[in-house]
Amino acid sequence: MEYNFPEIEQRWKQYWNEKQVYKVSNESSKPKYYVLDMFPYPSGAGLHVGHPLGYIASDIYARYKRLKGYNVLHPMGFDAFGLPAEQYALETGQHPADTTRKNIERYKDQLNKIGFCYDWDRAVTTSDPGYYKWTQWIFLQLFHSWYDCAAQRARPITELIALLEKEGNINNPCPDVDGLVVTDEQWTSYSEEEQRKLLMHYRLAYQGNAAVWWCEALGTVLANDEVVNGVSERGGHPVERKQMRQWFLRITEYADRLLTGLDTLDWTDAMKEMQRNWVGKSTGAEVRFDVSPTLSVHVFTTRPDTIFGVDFLVLAPEHALVDTITTAQQKTVIDEYRTYVKSRSERERMADVKQITGCFTGAYAIHPLSNNLIPVWIAEYVLAGYGTGAIMAVPAGDDRDHAFAQHFNIPITNIFGDLYNGDNAYSDKSGTIMNSGFLTGMRIAEATEAALNALVAIGAGKRRTNFRLRDAGFSRQRYWGEPFPIVYMNDVPYGVDEERYTTGTKGANGVNDLPVELPHVDSYKPGPEGQGPLANLPEWVNTPAGNRETNTMPGYAGSSWYFLRYMDPHNGATFADRKATDYWQQVDLYVGGTEHAVGHLLYSRMWTKVLFDLGHIGFDEPFKKLLNQGMIQGSSRFLYRSNYSVPSIKPDSDGVTNWYISKNIRELILKGDKDAISYVDAQYGNGGTLSELILSKDAPIRIPIEYVDGVLLKIDELKKWNPNFSDSVYICEPDGTFICQSEVEKMSKSKYNVVNPDDIVAQYGADTFRMYEMFLGPIDVSKPWDTKGIEGVHRFLKKFWRLFAGDQGWIVTDDAPNEAELRTLHKTLKKISEDMERFSFNTSVSQFMICVNELAALGCHKRAVLQPLVVAITPFAPHIAEELWSGMGNTGTVLDAAFPEYEDRFIAESTITYGVSINGKKRVEMAFAADAEQADIEPGVLADATVQKWMENKPMKKFIFVKGKMINIVV
RNA sequence: GCGGGUGUGGUGAAAUUGGUAGACACGCCAGACUUAGGAUCUGGUGCUGCGAGGCUUGGGGGUUCGAGUCCCUCCACCCGCACCA
C-alpha cells in the first residue's frame with residue numbers, strides 16, 4: 001500500500017468541504033484564539049512559493065490551537081484595491097474589477113491546494129461595496145471627530161462645536177496652526193463656511209496641502225514607485241514636485257499613544273524600535289530668530305545648549321518665508337536653486353551627504369541671546385515637513401552643519417573648547433559648553449535647562465516636543481480605490497451622511513447613502529488638472545447638492561480595519577457587531593513581513609484607537625502578538641556565454657555562434673588547469689585554443705529555472721524553449737553534464753526564478769510542501785528556495801507512512817509499547833510542544849524526522865505510539881494525518897482530537913554522557929549516572945587515562961562540573 | 001544618509017538559560033537490491049594532516065574555567081524610509 005498522496009489529499013479536501021469542518025462560530029464555550037495573516041494583494045502573477053510561508057506557519061499554529069481546545073478564528077481575504085490593477089488597465093484596457101476578480105479566483109485556487117483551514121465564508125475583499133461601505137463609514141467617523149488633547153482621546157466634532165460656542169478654542173488650541181485663537185463671540189459670528197474652515201484644523205480626517213510627483217507629459221500624479229531616476233517610469237518624462245490639496249489623517253495626535261501602546265504588545269524589539277523611530281519623539285525648544293521687526297524664523301532644536309554656536313540658519317527651500325526674506329540681489333540664484341530642489345525626492349535629499357548644496361538668501365536674523373547677525377540660507381537637507389522646516393545650524397556640534405559651513409566657508413564658532421578639533425563636529429552629548437556667554441562652563445544637561453529658561457524668559461523660545469511622524473496623506477489621484485463619501489458645496493467638503501446640504505428628504509438622489517459606489521469607467525486616463533479618473537464622469541461628480549470628491553483612498557484604507565470585519569463579515573447594519581468584536585477581541589497572533597513595520601501596522605493601530613475612543617470597539621490595540629516571516633528568495637541560474645564566429649561551427653540566426661560553458665570546467669580553465677584546457681580544446685576546439693578565446697570574453701545570462709534540474713542544465717528542453725539556444729555549442733563537463741552558475745536574489749518573474757507552489761504540490765503533495773517550507777529554516781529569516789531539498793521531506797512522509805502501512809495494507813498493532821518506543825514518543829511530543837510555543841517550526845519537522853528514524857529502527861507499528869503522533873503531526877501535514885487517523889479505525893476528523901500531552905517520566909535517561917574538557921578543550925566523553933554528583937564522579941574522571949594524558953602531570957586548579965551538561969578540568 | 005535585520009560545512013540549517021559546534025535534511029562518495037531507477041535500503045562525509053594532532057561559527061579585539069551565544073570594533077549582504085501593497 002503506497003503513500004498515494006494525490007488521492008489522499010483530494011479525498012480529505014473534499015471531506016473538509018462537505019462537512020464544513022473549518023466553519024467557525026462566534027458562539028462557543030471554548031476559549032477563543034484569533035490567528036491572522038496579512039492578507040495578500042491579488043497580483044496578476046499569482047502566488048509563488050515565497051508567499052505561503054507565513055500562511056503555512058499561521059495555519060499550523062491555528063490547527064495546533066484547535067487541537068489544544070480553542071475556538072480558532074483563522075480567516076483569509078484580499079486587499080484588492082491598488083495601483084498595479086490600474087496600471088494593467090491602462091496598458092490593456094481591461095477593467096480592474098475584472099482582473100481583480102480573476103486574480104482572486106486564482107489565488108483562492110492556489111491557496112486551497114495547500115490545504116489551509118480557512119473559513120472562506122468569512123473572506124473579505126476590500127474592493128467589494130459591501131466592505132468599503134464600512135471603510136467609508138469609518139472615514140466619516142474620522143472626519144466627524146477631533147482629538148481632545150486634555151482627555152487624550154478622539155471625540156465627536158459636535159462636542160467641539162459645543163465648546164466653541166461656549167468658550168471659543170481657548171482650552172483646545174488648534175493642533176496645526178499655532179496661535180489661532182477664536183473666542184466664542186467670534187465663533188458664533190462666523191459664517192458656516194468660516195466655521196467649517198476652522199473645524200478643518202481639528203478634524204481627524206482633514207484637508208491640507210502636500211507635494212506630489214507631477215508629470216506634465218502624462219498629465220498625472222505619480223507614485224514614488226513610478227518615478228525612477230527622476231523621470232516617469234512609463235515613458236521617461238520629466239517630473240516635479242507639485243503642491244496639491246489632499247486629505248490627511250491626523251495620526252500625529254496619536255503619536256504619544258502609539259508609543260506607549262507598544263509596551264502592551266508582544267512584538268519583537270526590532271519591530272517596536274522601528275515604530276518608535278518612525279514616530280520619532282524628541283524634546284527640545286522652538287526658538288525665534290527675528291529677521292525684521294515683523295518677520296521671524298522659528299526653528300526647532302533638541303540642543304538649546306548649543307545656542308551660542310549658531311553660525312547660520314537654514315530654511316527648507318519650500319519654506320513660506322523664503323520669498324519674503326530673499327534680497328533682490330539673491331533672488332535669481334535662490335530661484336534657480338529652488339527649481340533644482342523641485343526635481344529631487346526626499347530620499348535623495350536625505351541620502352546625498354557627499355554632495356552639499358544650498359543657497360544664501362541675503363537675509364540676516366538676530367540671535368536672540370547674543371544679538372549677533374546670523375545669515376539665513378536655504379538647503380535641501382532641511383525638509384519642510386519636519387519640525388518647523390527650519391534649523392539653527394551649529395557647525396561645531398553637528399556633522400551636516402559642519403560640512404555645510406566648510407563647504408560654503410562660513411566661519412565656525414567653537415563652543416566646546418578642546419573637545420572640538422576644527423576638523424570634525426563634536427556631536428557627543430557629554431562635556432562642557434565653552435565660549436557661550438552665561439552658559440560657559442556648564443555641563444550639557446545643565447546648559448540645556450539654562451538656555452531654555454533664558455529663551456522662555458525673554459519670549460524668544462518655548463519648550464516643545466517634536467515628532468518625526470507626519471500626518472498621513474490619504475488622497476490618491478486614482479481610480480481603483482475607495483471613493484470618498486464627500487460632497488463639496490461652494491468648495492466646502494461635507495460628509496455624505498450630513499443632512500445639511502441635501503436638497504430633499506434624506507437619501508434623495510442617493511446622495512446620503514453609503515456606500516458611495518465606485519462608478520464604472522471606460523477610461524483610466526487622469527482627469528483635468530491632475531485629478532483622478534473619476535473627474536471625467538460629470539454625471540457621477542455632479543449631485544444636486546454639489547460635486548463629489550474625485551480622489552480615492554490609498555491602499556492602506558481597507559487594510560487598516562479588515563481584521564474587525566472577519567469577526568462579522570456579513571453584517572449590513574454595522575462594520576462588525578459589538579458582540580462579535582467583544583468575543584474575538586484583539587488578533588492573538590498576526591503573521592506578516594517586516595516590510596509593513598511602519599505603514600500598515602501604524603495606520604491600523606491608529607484606526608483601532610479611534611474606533612475605541614468613539615466607543616465602537618472595546619480594545620485599542622489590534623494585534624497582540626506579531627510574528628514576522630522572512631522572505632523566500634529565488635535561486636537564479638546563469639549560463640556563461642561567449643559569441644565568436646568559428647568557421648567550423650554553423651552560426652545561429654543572429655549570424656553569431658553562441659558558446660556556453662559549464663561552470664566547473666570554466667573555473668578550472670580560469671585557474672589555468674592544463675588538463676581542462678586541453679580537454680576543451682580537444683573536444684570542441686578543432687585544433688585551436690578555443691578555451692582562451694571563449695573565456696576572454698564571456699558573460700553570464702539568465703535562463704529560466706524550469707530548464708535546470710538543481711544546477712544541471714536540461715539542454716534539450718532549453719533548445720526547444722527558444723531557438724536562440726538551439727544553434728549553439730554547449731561545452732560540458734567530462735562526464736557529459738552541464739552545470740549552471742547560480743545566484744540568490746529576489747524571486748520575480750523578470751529574473752526567471754519563480755517557482756509556483758501549484759507545481760510543487762502536484763509533484764509532491766501539499767503535506768510535503770507545507771513541511772518543507774517550514775523545514776527550510778526559522779520562520780523569521782530569509783532563505784533561498786531550493787526545490788531539490790524537498791526530496792528529504794517527501795521521503796520522510798513516505799517513511800512515516802510505512803510505519804502504518806505495509807505491502808498488503810494497514811499493519812498497526814495493539815501490542816504494548818516498550819520503554820525505548822515510549823521515550824521516542826514522549827521526547828518528540830515534548831519537543832513539538834515546546835517548539836510550537838516559540839514558533840520554531842523547522843526544528844519540529846526535524847524532530848518528527850528523528851522520531852520516525854528511531855521508530856523505524858525499532859520496528860514499531862504500535863497504535864499506542866503511532867496514534868498520538870498522528871495527532872501531533874496534524875497541524876503540519878493535515879491530509880496524511882486524516883488518512884492515517886481513519887486508517888487506524890477512528891471515525892470523524894482528526895481535527896477534533898486532543899493534542900497529546902507528554903510525560904517526563906518516559907523521557908528520563910538513566911545515564912548521561914559527559915564531555916570532559918581539560919582547559920576548556922574537549923578531550924574525551926564519559927558516561928555517568930544521571931543523578932551522580934561531583935563527588936561521585938571526580939575520582940573516576942581524574943583516574944581516566946586520557947584525562948591523565950592531557951593533564952600532563954600538571955596540578956589541577958579547579959574541577960568544574962555542570963550537572964547534565966559537561967565537565968571541565970582547569971590545570 | 002537614517003532605521004532594522006542577517007552572516008555557522010559544498011547547500012538549507014541545529015545548538016531554547018554562557019556548557020560536548022555542525023542535530024535534521026539536500027548534495028556528494030562507496031555499497032546492497034532490482035530488467036531498470038529520479039524507487040528503496042546500508043555506510044561515509046566541516047577543513048587540514050600518513051598520523052598523533054591542529055584548525056573552524058564574516059574579520060579583529062575583549063570578558064570567562066568555558067563564547068556561535070555577552071561586550072567593543074570593522075566588513076559584507078538584505079529590508080524599510082511616508083503615493084507599491
Side-chain angles (χ1 to χ4, degrees), chain A residues 38-41 43 79 81-84 87 210 212-213 221-227 246 268-271 273-274 276-278 280 346-354 381 385 399-400 469-478 554-556 559 593-600 602 628 630-631 633 635 709-711 742 744-746 772 775-778 780-786 788-793 795-796 798-799 802 834-835 838 840 842-843 845-850 853 913-917 919-922 924-925 957-960 962 964-971:
Chain A
M38 291 183 188
F39 64 167
Y41 174 81
S43 84
D79 191 11
F81 276 135
L83 204 47
Q87 280 279 26
V212 292
W213 283 117
V221 171
L222 299 177
N224 283 339
D225 265 24
E226 298 174 298
V227 178
Q246 308 267 323
T268 59
D269 290 340
M271 212 59 166
E273 194 59 24
M274 278 191 262
R276 283 195 195 101
N277 288 329
W278 191 255
E346 281 194 8
R347 182 89 55 87
E348 290 168 327
R349 288 171 58 173
M350 287 184 290
D352 268 351
V353 285
K354 289 177 202 97
Y381 78 91
D399 291 327
R400 276 184 314 185
L469 183 72
R470 306 204 291 253
D471 281 341
F474 202 66
S475 295
R476 301 291 182 265
Q477 291 71 39
R478 299 287 172 180
Y556 64 83
S559 62
T594 53
E595 65 272 21
H596 299 98
V598 289
H600 163 61
L602 214 49
N628 296 117
M631 288 202 307
Q633 294 145 318
S635 183
D709 176 24
V711 291
S742 64
V744 171
E745 14 179 43
K746 205 172 154 171
Y772 182 55
F775 185 66
L776 278 177
D780 56 343
V781 303
S782 296
K783 54 247 160 186
W785 176 263
D786 171 25
K788 272 273 170 205
I790 201 168
E791 302 276 355
V793 175
R795 259 173 231 152
F796 153 75
K798 283 198 269 192
K799 201 167 174 182
R802 286 198 302 273
E834 288 170 356
D835 285 351
R838 61 192 179 102
S840 178
N842 56 327
T843 51
V845 178
S846 296
Q847 183 58 42
F848 278 121
M849 290 174 170
I850 293 168
N853 288 346
T913 305
Y914 286 95
V916 180
S917 301
N919 279 349
K921 244 185 160 34
K922 193 185 103 179
V924 69
E925 285 181 0
K957 267 204 213 146
K958 208 170 172 186
F959 190 95
I960 294 160
V962 183
K965 303 273 188 187
M966 47 68 69
I967 295 161
N968 188 19
I969 299 166
V970 187
V971 297

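Each chain gets a letter, A, B and so on, in the order the sequences are listed, and its residues count up from 1. It should be emphasised that the depicted structure is a prediction, and the values quoted were computed from it without experimental measurement.
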Stepwise, does the side chain to side chain contact (heavy atoms under 4.5 Å, CB included) test hold for A:Ile960 with A:Ile969?
CA-CA 6 Å; A:Ile960 294 160; A:Ile969 299 166; over 6 Å; no
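Among the heavy atoms of the strands lying under 4.0 Å from A:Leu469 is at least one base atom, whether or not backbone atoms are also near. Base engagement by A:His596 is indicated by at least one non-hydrogen atom pair under 4.0 Å involving a base atom. Nucleic acid contact for A:Ser559: none, since no nucleic acid atom lies under 4.0 Å from a heavy atom of the residue. Among the protein residues, A:Ser475 comes within range of the nucleic acid bases, having at least one heavy atom under 4.0 Å from a base atom. Residue A:Ile850 is classed as a sugar-phosphate contact, given heavy-atom separations below 4.0 Å to backbone atoms only. Within the 4.0 angstrom heavy-atom criterion, only backbone atoms of the sugar-phosphate kind lie near A:Pro778; the bases stay farther away.
For the C1' atoms, the distance from B:G80 to B:A85 is 13 Å, rounded to whole Å. Using C1' as the reference atom, B:C84 and B:C29 are 49 Å apart when rounded to the nearest Å. Here, B:A30 and B:U63 have their P atoms 49 Å apart, quoted to the whole Å. Rounded to a whole angstrom, the distance from the C1' atom of B:G38 to that of B:G44 is 22 Å. For the C1' atom pair drawn from B:A32 and B:A76, the interatomic distance equals 47 Å after rounding to whole Å. Nucleotides B:A25 and B:U42 place their P atoms 11 Å apart, quoted to the nearest Å. B:A67 sits 15 Å from B:G60 when the P atoms are compared, rounded to a whole Å. Comparing the C1' positions of B:G5 and B:G49 gives an interatomic distance of 40 Å, to the nearest angstrom.
Checked by atom type and distance alone, the side chain of A:Ser840 never pairs as donor or acceptor with a backbone atom of A:Asp835 at under 3.5 Å. The backbone N or O of A:Asn628 sits nowhere less than 3.5 Å from a side-chain atom of A:Asp780 that would complete a donor-acceptor pair. Side chain of A:Thr268 to backbone of A:Met271: a donor-acceptor contact under 3.5 angstrom is found. Between the side chain of A:Arg478 and the backbone N or O of A:Val221, at least one donor-acceptor pair lies under 3.5 Å. Remark: the backbone N or O of A:Gly964 is paired with a side-chain donor or acceptor of A:Tyr914 at under 3.5 angstrom.
The side chain of A:Arg470 places no N or O atom within less than 4.0 Å of a non-bridging phosphate oxygen (OP1 or OP2) of B:C81. OP1 or OP2 of B:C41 has not a single side-chain nitrogen or oxygen of A:Arg795 nearer than 4.0 Å. Within the 4.0 Å cut-off from OP1 or OP2 of B:U40, at least one side-chain nitrogen or oxygen of A:Lys798 is found. Between A:Arg838 and the phosphate of B:U16, there is no side-chain N or O to OP1/OP2 separation shorter than 4.0 Å. Listed pair A:Asn853 / B:A25 meets the phosphate criterion, a side-chain N or O lying under 4.0 Å from OP1 or OP2.
Which of B:C24, B:C83, B:G5 sits closest to the side chain of A:Ala270 comes down to B:G5. Taking every side-chain heavy atom of A:Thr594 into account, B:C79 is the closest of B:A39, B:C79, B:C24. Minimum atom distance to the side chain of A:Val598 is reached by B:G80, of the listed B:G80, B:U16, B:A85. Of the candidate nucleotides B:U40, B:G19, B:U20, B:U40 has the atom lying nearest to any side-chain atom of A:Arg802. Ranking B:A82, B:C24, B:A13 by closeness to the A:Asn842 side chain, first place goes to B:A13. The side chain of A:Lys783 approaches B:G12 more closely than any other nucleotide in the set B:C84, B:G12, B:C55. Of the candidates B:C83, B:C84, B:G19, B:G19 carries the atom nearest the A:Val962 side chain, counting heavy atoms from C-beta on. Comparing B:C83, B:G66, B:A14 by their nearest atom to the side chain of A:Asn968 picks out B:G66. Of the listed nucleotides (B:A23, B:G5, B:G3), B:G3 has the atom at the smallest distance from the side chain of A:Met274. The side chain of A:Leu83 lies closest to B:C84, out of B:G19, B:G80, B:C84.
Closest-nucleotide positions on RNA chain B for A:Gly777 and A:Asn919 were compared, and the one nearer the 5' end corresponds to A:Gly777. Where A:Phe474 and A:Ser840 each meet RNA chain B at their nearest nucleotide, the meeting point lying more 5' is that of A:Ser840.
Judged by Watson-Crick or G-U wobble contacts below 3.5 Å, the nucleotide B:A67 has no partner. Partner assigned to B:G22 is none, using Watson-Crick or G-U wobble distances below 3.5 angstrom. Under the Watson-Crick or G-U wobble criterion, with both distances below 3.5 Å, B:A52 has no partner in any strand shown. Using the Watson-Crick or G-U wobble rule with both distances under 3.5 Å, B:C41 pairs with B:G31. Pairing of B:A85, defined by two Watson-Crick or G-U wobble distances under 3.5 Å, is not identified with any nucleotide. Pair assignment for B:C77 gives B:G5, based on Watson-Crick or G-U wobble hydrogen-bonding distances that are each under 3.5 Å.
Within 90° of 0 lies the glycosidic angle of B:G9, which makes this nucleotide syn.
Rounded to whole Å, atom P of B:A82 lies 15 Å from atom CD of A:Glu595. When the P atom of B:G3 is taken as reference, atom CH2 of A:Trp278 falls 14 Å away, rounded to whole Å. One can place CG of A:Leu602 at 15 Å from C1' of B:G4, the figure rounded to the nearest angstrom. Atom CD of A:Gln87 is separated from atom P of B:A85 by 10 Å (rounded to the nearest Å). As a whole-Å value, the separation of A:Tyr772 OH from B:U11 P is 15 Å. Separating the CD1 atom of A:Ile790 from the P atom of B:A25 is a distance of 16 Å, rounded to the nearest angstrom. Between A:Trp213 atom CH2 and B:C83 atom C1' there is a gap of 12 Å when expressed in whole angstrom units. Residue A:Glu273 contributes atom CD, which lies 18 Å from atom P of B:C81 at whole-angstrom precision.
The base of B:C83 sits within donor-acceptor range of the side chain of A:Gln246, with an N or O pair under 3.5 Å. In the interface, the side chain of A:Gln477 is paired with the base of B:C83 through a donor and an acceptor atom under 3.5 Å apart.
Classification of the A:Phe848-A:Phe796 ring pair by plane angle, with boundaries at 30° and 60°, yields tilted. Ring geometry for A:His596 versus A:His600: interplanar angle over 60°, hence perpendicular rather than tilted (30 to 60°).
Counted within 6.0 Å of NZ on A:Lys783, heavy atoms from surrounding residues, nucleotides or ligands total more than 12; the atom is thus considered enclosed.
Residues A:Lys799 and A:Asn853 bring a donor and an acceptor atom of their side chains to less than 3.5 Å of each other.
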